[in-house]
Amino acid sequence: MSKAYNEMSYVEVAAIYNDINNIPLDAAADLGKAAADLVGEGAKIMDFGGGAGRISVPIASHTDMIAMDIEHHMLKASKKLAEDRNIRARQSVGTVLQTPFATNTFDAVITTNVLHQVEFWRDALKEAARVLKPEGVFIIGRDVLDEESNASALRSQSRMFTVDIAPEMRPTDAAGPTLFQEIQKLGGQMTRPVVGCKWIEKVSIAEIMDRMENGVHNETWSLSREQIDALMAKVRPWAESHFDDIHAVEDVQWEFHLYPINGIGK
């Protein structure tokens, strides 16, 4: 992991991570079906940095899923989520740089919001390729927020302020096109992305900022109290001058996209 991300406390956030990044049940069911359409019902699949299970558990309802993560508190949350939904999903402790699995084990490997945190992410890609079967599918999952929404504008500005306040929190270059260039070097060929699910969040800018200030939002849970205070001192004046009414409730559309890639397991 990069130094900044390695020092983040997943222990404290584990129990509420799925609430912060909630996918409603109906949308989660759609996600599980969409993933199964890509990899096949009953396929053996690993969630590569599975976290608290928000992605692995829905997919496990259609597949033989193993969620792997370095933090056992996150895996504990993943296990609880699976149990609460009566879905069979296995968990395993390991890192994306050295998984505890044999070569050519999985029909598919999926990863979401992980590689941009890993300093040596190219090595992580090679590890994913190693455990994939020759015809296996590597899938990059991505949360997609409506770019035309006020929530998206707030997120973009908040991220710029965050990098100003805490430059060490800047993601690695795996957050951009360099990732796909590296995948191509490994022989990967991306097919058409799939919209795994969609949902609407009814929320105001004021509510989002309150969550940010309380450290229960995706943009702030990984920051220290001092960093959050410094960020909000910039965000709140910007939002109040940028939006007509920060208390107006907006229908914000979210989507979860699946980017299937063939060839890296060969």
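Keep in mind that what you see is a predicted model, and the values were worked out from it rather than measured.
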Can you measure from [atom1] ([X]) to [atom2] ([Y]) and round to the nearest 0.5 angstrom?
X      : Y      : atom1 : atom2 : value
Asp47  : Ser92  : CG    : OG    : 12.0 Å
Leu125 : Glu182 : CG    : CD    : 6.5 Å
Asp64  : Ile59  : CG    : CD1   : 13.0 Å
Ile140 : Met190 : CD1   : CE    : 8.0 Å

Practice task
Quick one: closest heavy-atom pair of Ala153 and Phe243, and the distance?
Solution key: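 Heavy-atom minimum between the residues: CB-CZ, 4.2 Å.
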
Problem - Closest heavy-atom pair and its distance - Arg142, Thr112 - result: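 Shortest heavy-atom contact: N-CG2, 4.5 Å.
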
Handout entry: Common cluster, Leu132/Phe180, ILVMFWY with side-chain heavy-atom separation under 4.5 Å
Key =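 Linked, Leu132 and Phe180 end up in one cluster.
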
Practice task
Answer yes if Val194 and Met65 sit in the same cluster of Ile, Leu, Val, Met, Phe, Trp and Tyr residues linked by side chain heavy atoms under 4.5 Å apart, and no otherwise.
Solution key: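 Linked, Val194 and Met65 end up in one cluster.
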
Problem - Between Trp199 and Asn22, a side-chain donor and acceptor under 3.5 Å - result: no

Problem - Donor on one side chain, acceptor on other, His257 and Glu255, under 3.5 Å - result: yes

Practice task
Show your working on side chain to side chain contact (heavy atoms under 4.5 Å, CB included) between Val109 and Ile139 and close with a plain yes or no.
Solution key: CA-CA 6 Å; Val109 170; Ile139 302 172; over 6 Å; no

Salt bridge present between [X] and [Y] (N-O < 4.0 angstrom):
X      : Y      : result
Asp229 : Arg225 : yes
Glu119 : Arg170 : no
Asp164 : Arg159 : no
Lys44  : Asp107 : no
Arg236 : Asp210 : yes

Using modelled atom types and a 3.5 Å cut-off, is there a donor and acceptor pairing between side-chain atoms of [X] and backbone atoms of [Y]?
X      : Y      : result
Ser149 : Ser152 : yes
Gln117 : Asn113 : yes
Asp173 : Leu179 : no
Glu127 : Thr99  : yes
Ser61  : Pro58  : yes

Exercise for the section: Give a yes or no on whether Gln189 atom CD has more than 12 heavy-atom contacts from other residues, nucleotides or ligands under 6.0 Å away. Expected result: no

Practice task
Kindly state each residue pair satisfying ring pair (Phe, Tyr, Trp, His ring centres under 6.0 Å) with at least one member in residues 60-114, sequence neighbours excluded.
Solution key: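 Every pair satisfying ring pair (Phe, Tyr, Trp, His ring centres under 6.0 Å) with a residue in residues 60-114: Phe101-Phe106.
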
